[in-house]
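Start at 1 and go down the list; that is how both ligands and their atoms are numbered. Everything numeric in this text was worked out from a predicted model, so none of it was measured.
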Amino acid sequence: MRIIHLAKAMLIAASATLVTIPATTYANSSAIHSRMATAQPIWAKHGMVASQETLASQIGVDILKQGGNAVDAAVAVGYALAVTLPRAGNVGGGGFMMVYLADKDKTIAIDYREMAPSKAHKDMFLNENGDAVSNLSRFHGLAVGVPGTVMGLNQALNKYGTMSLKQVINPAVKLAKGGIKVTPDLAVSLNGLKKRLMKWPSTAEIFFKPDGSSYKIGEVIKQPELAHTLSLIAKNGIDGFYKGETARKITKAIQQAGGVMTQADFANYKAVERKPVSGTYRGYKVVSMPPPSSGGVHIIEILNILENFPLDVYGHNTAQTIHFMAEAMKYAYADRSKHLGDPDFYDIPVKHLTDKNYAKAIAKKIPFNKATPSAEILPASFAPYESNQTTHFSVVDKWGNAVSNTYTLNFSYGSGLVAKGTGVFLNNEMDDFSVKPGVPNGYGLIGGEANSVQPGKRPLSSMSPTIVFKDGHPVLVTGTPGGSRIITTTLQIILNVIDFKLNIAEATNAPRVHHQWFPDELRVERSLNLDTILLLKKMGYKVKVKSAMGSTQSIEITEKGLFGASDLRKSDGAAIGY
Ligand code: GLY
């Protein structure tokens, strides 16, 4: 197989005037802190946190230094980001946490995805003509799913942490009360969404000045109501959020905004421990989030397809490599649209989709040097919409435990609504359901029955917190925000490390590409080489240069210590260790 592909690589190189690169150039050029490296990761001996906001990373490292384990630190980071990165860090949203317990050699997947309220129904986002009304699923009381974050974080702490809730929440309470300095990222994101956010007086009074003007970089935003909400959680645990004052205030705000959520929906919320989805790739084991996230299933499906091609021979980010990646992505996203949803409501064919033979059959269908039109994989047509929020953090402690956590409000600042008196931004996760078969969600993704709205159901996600193992040991903890691009961005970190032997900083900085079947376009970052783009166009790709994708937060675990990289695509993140 490899020889045939090599021969084909020479042929295509000749016919497309490609420069033939010796197979070894990329394969061997990568050791950590080698002189070949074009970027260096952060190093630490004992423990490390990589997150999208520096104060939160530092809080996590402080917890590790105080003797806390990776779960204690992760929960502290999760609460801290709710204060310091209000557009994605949250207590009013939901997410997924992968926990690797070194002493048990076991990985646990905690699903704390939001749930549809009990009065939700299939047609709740359609008008009288049966057309989908995106405002209802995105910027309205109906857009809000029952938040899962507090349940998920607290459950993780109770079962796998060692510290008290007070110890891990207090740093966040202090920051909310004392105020945070407005970072460039916070200033730009608030100002950019001003119109959407100012619509809600309860949001405007916290995140904009009394005269309606925007906060500037370096000024201070205080969140006393959020401090109070966090204190109630610290004092009363999950009841401090899911019952009493906070539940009452949040459900009232949602109902006043046209929603149907009740206090009973809050009281009934449950986080679920699920069996992680796992696969192998070139001798590594990849463990990731199972449904209701599509992330793990499709990362493994794409890796299984790509295992049939010698990507290291074709080279990093060459047109040939990107072609195989894009084709594999198309098949995976086509499957996603049909087969993925909440496993408590729908039978998801995980085994089939992650089967090596299934992948081999797809690999055989992929032409060597020609893009397959998406309509030939499965017909559909619709228009995309852009959005990019969610956030990820990775933690490793001195005992070798690891946490990979991705959580979200869905859009930047979610629905935009802060529940009055709580300081809590509410998610708009209901838009991740398929509001009508064939109608795309906020990320241009389509779905069908498996992801239709039903009471108590969890909307399909792309979030992909992932841990990669070699010889039974975790070697890479990673994940990213980015909506539908989460799967492909996480995938590229794995490929960059395994196939192209890039260190984690290089793997993070490398230009990214994305194909999601529909729209039938290959999205690339502007740093991708123009020659490569031209070759891809010759193969038939509609290449679109668009904004940067993802904000990966990764830690590599090696014999030489921990190596971390916080994505420079977002300005405020940091990998910090000790
Ligand atoms: N809200 C984005 C996702 O869950 O994939």
Main-chain N/O of R458 paired to D342 side chain as donor or acceptor, under 3.5 Å
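The answer is yes, because a donor-acceptor pair under 3.5 Å joins these two groups.
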
Please check: side-chain N/O of D355 versus main-chain N/O of K351, any donor-acceptor pairing under 3.5 Å?
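No: the side chain of D355 does not pair with the backbone of K351.
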
Between ligand 1 and the protein, tabulate every N or O atom pair separated by less than 3.5 Å, reporting distance only.
| residue | atom | partner | partner atom | Å |
| --- | --- | --- | --- | --- |
| ligand 1 | 1 (N) | N410 | OD1 | 2.7 |
| ligand 1 | 1 (N) | E429 | OE2 | 2.8 |
| ligand 1 | 1 (N) | D432 | OD2 | 2.6 |
| ligand 1 | 4 (O) | R113 | NH1 | 2.9 |
| ligand 1 | 4 (O) | R113 | NH2 | 3.2 |
| ligand 1 | 4 (O) | D432 | OD2 | 3.2 |
| ligand 1 | 4 (O) | S461 | OG | 2.7 |
| ligand 1 | 5 (O) | S461 | OG | 3.3 |
| ligand 1 | 5 (O) | S462 | N | 2.7 |

Check: H140 and L417 side chains under 4.5 Å, non-hydrogen atoms:
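Not in contact.
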
H514: what forms a side-chain hydrogen bond (donor to acceptor under 3.5 Å, both in side chains) with it, not counting sequence neighbours?
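Here the qualifying residues are T488, Q516.
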
Suppose we screen for side-chain contact (heavy atoms from CB on, under 4.5 Å). Which residues come up paired with E114, at least two apart in sequence or across chains?
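In terms of side-chain contact (heavy atoms from CB on, under 4.5 Å), with neighbours along the sequence ignored, E114 is linked to N427, E429.
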
Only counting residues at least two apart or in another chain, list the ones meeting ring pair (Phe, Tyr, Trp, His ring centres under 6.0 Å) with Y100.
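Y100 satisfies ring pair (Phe, Tyr, Trp, His ring centres under 6.0 Å) with F469 once adjacent residues are dropped.
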
